[in-house]
Amino acid sequence: MSRFRLYDLNPEQQRAATHETGPLLILAGAGTGKTRTIVARITWLVSTGTPASKILAVTFTNKAAREMKERIAGMLTEEQAADITASTFHALCMRILRADADKLGYKNNFTIFDEGDQLGLIKKVINRVTAKDEKLDPGLAKNLISKAKNNGWAPPQDDETVIGAVYSRYNRELHALNAMDFDDLLVQAVKLLNDHPSVREKWRSRFSQMLVDEFQDTNRLQLDLVSLLASGEPPNICVVGDDDQSIYGWRGAEVSNILEFEKHFPNPEVVRLEQNYRSTNQILTAANRLIKNNPRRRAKNLWSPNQGGDPVHVVAVPDDKREAEFVIGEAGAIRNAGGLPWEHFAIIYRMNAQSRLLEENLRRMRIPYRLVGGKSFFDRREVKDILATITCLVNPQDDISLLRIINTPPRGIGATSVEIALEQSAKIHRSLFDTLTDPAFEPEVSRKTAAAIRSFAEDLAATRIHLLTPGADACAIVSGYLEESGYFDDLKRSCKTPEEALNRESGAKEILNALANHQSKRRGSVQDFLDELSLNREREEDKKDDSKGVTLITLHAAKGLEFPHVFLIGAEDGLLPHERSKSEGTVDEERRLFYVGITRAMKSLTITHCRNRMKFGSAMHCRPSPFLKEIEGEGVHAESHEDIMSKPAAEEDVAMSFANLRAMLSAE
DNA sequence: CAGATGTTTATTTTT
DNA sequence: TAAACATCTG
């Protein structure tokens with residue numbers, strides 16, 4: 001009987017990987033080999049007799065699920081790896097619901113509303129429910145509804161409050177459209193499992209071991225789902241997380257899920273991973289000093305056997321412009337001195353707006369960079385337009401998409417006509433499209449408008465027939481339609497700079513390419529294409545993480561990543577912690593955010609703060625972040641921009657030009 | 001109806 | 001600053 005090979009796990013990791021049955025809580029500090037441990041555990045489970053098909057691993061992002069699958073694939077046979085279920089919460093719920101949603105009164109082919117669709121429907125409902133000048137911000141309503149769903153609050157029976165009325169009306173409309181929003185996927189899956197023992201048993205017996213990654217980010221519904229699915233007595237549930245990295249409280253994540261894990265799953269084995277394999281001790285010390293100021297946490301102390309390394313630099317700079325210049329200059333110096341690739345550097349900030357100055361500088365200096373996050377690709381106007389067009393072609397009954405494209409490009413169907421049609425459609429309980437194409441509607445609008453509507457509907461219908469013909473080239477048909485309808489011309493015309501036009505064009509191309517790809521590679525229908533996009537909104541470009549250059553990224557998006565050299569900019573009071581967090585009493589979460597930022601760094605960390613910063617177009621005076629006081633101490637050096645600039649960079653220059661030369665030679 | 005011009009507002013965003 | 005949105009004018 002050969003002993004299980006434990007790779008190079010440390011004793012704690014080993015204990016976690018080889019835990020047999022019952023609840024297991026792995027408190028995995030930043031950089032402590034969390035993924036390695038999960039993967040080792042899955043491998044161990046399989047090698048000790050758990051059928052691979054009975055293992056369920058749940059993550060938050062598609063990326064995490066994909067990476068987990070990849071790493072498992074390296075450890076097991078192809079067949080075993082393929083048998084393991086590694087999926088996001090939402091995709092798992094989708095699977096559960098696709099099989100049995102009819103038991104909840106949905107059709108099993110329900111559609112998924114993404115945030116855009118959701119907002120569109122909410123706007124519509126607000127118009128319907130509230131009086132003309134009773135304004136309710138749709139974005140706010142969306143957040144409140146989401147919060148309500150995640151807290152398990154049913155819509156009120158009466159329509160006493162405006163928001164209550166909007167909530168219940170919104171839910172009814174969604175249901176009538178046979179649609180679910182992201183929150184519904186969880187709400188309804190939990191409901192299904194709760195109310196239907198047969199379904200519950202089916203899924204509980206499907207899996208015998210369950211693992212949940214990033215448990216500190218789970219919300220109440222996700223905890224419910226986990227409780228419902230975890231099988232065994234006591235349940236075989238393994239959760240991995242770090243309460244110190246809980247930064248999604250504003251999204252409904254409940255740190256209490258991990259803080260009070262014992263309450264939900266009694267007598268768990270608790271394993272603490274505290275040995276850090278990522279950062280120098282100097283960086284870890286700073287991180288530890290900071291995070292211990294948080295109350296309500298599971299005390300941890302990250303340590304690393306490797307002493308030494310550069311001190312953490314805290315640099316005061318005059319303003320945001322010079323901050324950008326400074327960090328890029330420093331990155332360049334480190335790069336040249338060590339002959340390093342730009343991929344080793346990341347600049348991390350609190351708000352997306354901060355990336356602008358950095359981008360300008362990087363572009364001017366011809367330094368490659370990749371911007372992570374920001375406004376999603378799918379929020380770009382041209383992408384939304386094109387997706388709405390495709391949706392309408394597949395399903396003209398989709399009012400939200402129809403509204404988006406009905407007068408884009410301008411085709412003579414203006415707001416007033418649309419308003420009339422909307423009212424009419426509510427009255428006769430039919431879709432907007434059906435209302436518009438009903439001969440009875442014609443007298444409601446001017447002759448000219450009626451003709452415009454007829455022409456629009458005819459074009460749409462004709463294209464739809466082409467598109468739904470088996471074997472049709474969907475991409476060509478959609479492009480053709482967009483061209484002929486004048487959409488591309490309109491798009492180009494609306495751009496102020498040629499640069500923007502080029503940008504929009506590439507966005508349009510990208511989404512159309514994705515459609516072509518989907519068709520040729522997976523031979524899927526156009527409907528499949530839309531479905532998949534709503535659950536898996538990643539760009540091909542993001543999937544392969546090999547895009548070169550300096551990484552520009554927000555603190556939130558940086559969680560889970562690491563970089564040899566990190567610059568954390570804008571460490572100012574009001575920005576980090578954000579002004580708003582102070583009024584909302586969530587400064588602890590800001591501290592965790594700062595902690596996440598610090599712990600991304602492997603070799604060097606430079607933190608900057610400005611004395612003045614442009615905010616909303618005017619210069620504002622800034623005080624350093626109070627968090628900087630908390631990390632003060634041995635291994636953390638505070639300097640000012642002036643000190644550094646007046647110091648001659650003597651020997652480094654020589655090394656620099658040398659390294660420069662070498663880098664240039666090896667690059668070509 | 002369409003295009004132009006003024007007004008308001010301002011985190012973070014896994015699905 | 002800039003982008004989304006409301007309001008005005010031809």
Side-chain angles (χ1 to χ4, degrees), chain A residues 58-65 87-94 112-116 118 123 135 137-139 142-143 146 150 180-186 213-214 216-219 221-222 245-253 320 348-354 356-357 360 372-376 378-379 381 407-418 445-446 448-449 452 490 493-494 496 500 532-538 542 553-560 570 574-584 586 589-590 592-594 596-597 613-620:
Chain A
V58 190
T59 61
F60 275 86
T61 64
N62 292 301
K63 184 165 164 243
S87 128
T88 64
F89 274 103
H90 293 267
L92 175 66
C93 289
M94 169 102 157
I112 297 166
F113 266 33
D114 65 27
E115 286 193 302
Q118 198 186 353
K123 275 182 193 156
K135 48 192 175 219
D137 172 25
K142 186 179 77 110
N143 285 339
S146 176
N150 281 301
M180 299 193 197
D181 60 27
F182 284 137
D183 297 320
D184 277 337
L185 288 174
L186 290 161
D213 195 13
E214 305 280 15
Q216 77 281 354
D217 292 337
T218 52
N219 63 27
L221 280 169
Q222 285 155 340
Q245 294 185 72
S246 165
I247 54 175
Y248 284 103
W250 52 276
R251 263 230 171 213
D320 48 352
I348 311 184
Y349 39 81
R350 176 68 233 260
M351 289 198 299
N352 286 121
Q354 291 173 262
R356 233 195 65 223
L357 281 173
E360 281 170 15
V372 181
K375 51 238 154 295
S376 161
F378 295 92
D379 287 337
R381 201 183 73 212
N407 209 27
T408 307
R411 46 167 72 86
I413 312 174
T416 26
S417 309
V418 172
V445 292
S446 73
K448 221 163 121 192
T449 309
D490 181 56
R493 205 164 35 82
S494 70
K496 291 189 183 88
E500 187 191 352
E532 173 159 340
L533 274 191
S534 53
L535 265 191
N536 193 358
R537 301 208 136 183
E538 291 172 283
D542 296 337
I553 195 169
T554 62
L555 285 159
H556 281 91
K559 185 169 67 120
L575 191 55
L576 180 66
H578 194 276
E579 196 60 45
R580 215 150 139 176
S581 73
K582 297 200 270 183
S583 50
E584 287 171 2
T586 53
E589 186 154 306
E590 299 286 305
R592 292 194 290 261
L593 208 43
F594 195 23
V596 166
R613 171 181 298 279
M614 290 298 279
K615 267 185 188 161
F616 312 141
S618 55
M620 305 272 276

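- Of the candidate nucleotides dT14(B), dT15(B), dT12(B), dT12(B) has the atom lying nearest to any side-chain atom of Thr554(A).
- At distances below 3.5 Å, not a single donor-acceptor pair connects side-chain atoms of Glu214(A) with backbone N or O atoms of Phe60(A).
- Within 4.0 Å of Asn62(A), counting heavy atoms only, lie sugar-phosphate atoms of the nucleic acid but no base atom.
- Counting to the nearest Å, the P atom of dT14(B) and the CG atom of Asp181(A) are 17 Å from each other.
- Salt bridge annotation for Lys582(A)-Glu590(A): absent, with no cationic side-chain nitrogen under 4.0 angstrom from a carboxylate oxygen.
- Taking atom CG of Asp213(A) as the reference point, atom P of dT15(B) lies 13 Å away to the nearest angstrom.
- Rounded to an integer number of Å, the gap from Lys615(A) NZ to dA2(C) P is 17 Å.
- Using a 4.5 Å heavy-atom threshold, the side chains of Leu555(A) and Leu576(A) count as touching.
- Evaluation of the side-chain hydrogen bond (donor to acceptor under 3.5 Å, both in side chains) rule for Asn352(A) yields no partner, not counting sequence neighbours.
- Within the 4.0 angstrom heavy-atom criterion, no nucleotide atom of any strand lies near Phe89(A).
- Rounded to an integer number of Å, the gap from OH of Tyr349(A) to P of dT13(B) is 9 Å.
- Heavy-atom minimum distance, Phe182(A) versus Asp114(A): CE1-CA, 4.0 Å.
- Ion pairing between a basic and an acidic side chain is recognised when a charged N comes within 4.0 Å of a carboxylate O; Asp217(A) and Lys559(A) show such pairing.
- Rounded to an integer number of Å, the gap from CD of Gln354(A) to P of dT1(C) is 17 Å.
- The two atoms that bring Asp184(A) and Met180(A) nearest to each other are CB-CB, 3.5 Å, heavy atoms only.
- Atom C1' of nucleotide dT14(B) and atom CD of Glu115(A) are separated by 11 Å, given to the nearest angstrom.
- Following rounding to the nearest Å, Met620(A) (CE) and dT1(C) (C1') show an atom-to-atom distance of 14 Å.
- Toward the 5' end of DNA chain B, the nearer of the two residues Thr88(A) and Ala353(A), judged by each one's closest nucleotide, is Ala353(A).
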Provide a list of protein-nucleic acid N or O atom pairs under 3.5 angstrom, restricted to nucleotides 7-11 of chain B.
residue, atom, partner, partner atom, Å
dT11(B), O4', His578(A), NE2, 3.3
dT11(B), O2, Arg350(A), NH1, 2.8
dT11(B), O2, Arg350(A), NH2, 2.1
dT11(B), O4, Glu584(A), OE1, 3.3

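- If you take CZ of Arg251(A) and C1' of dT15(B), they are 7 Å apart, rounded to a whole angstrom.
- In this structure, Trp250(A) has its ring center closer than 6.0 angstrom to the ring center of His556(A).
- Ile413(A) and Ser417(A) make their closest contact through CG2-CB, 4.4 Å (heavy atoms, listed as atom of the first residue, atom of the second, distance).
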When you compare the protein's N or O atoms with those of nucleotides 1-5 of chain B, which come within less than 3.5 Å of each other, and at what distance?
residue, atom, partner, partner atom, Å
dC1(B), OP1, Gly414(A), N, 2.9
dC1(B), OP1, Ser417(A), OG, 2.7
dC1(B), OP2, Thr416(A), N, 3.4
dC1(B), OP2, Thr416(A), OG1, 2.4
dA2(B), OP1, Gly412(A), N, 2.8
dA2(B), OP2, Asn407(A), ND2, 2.7

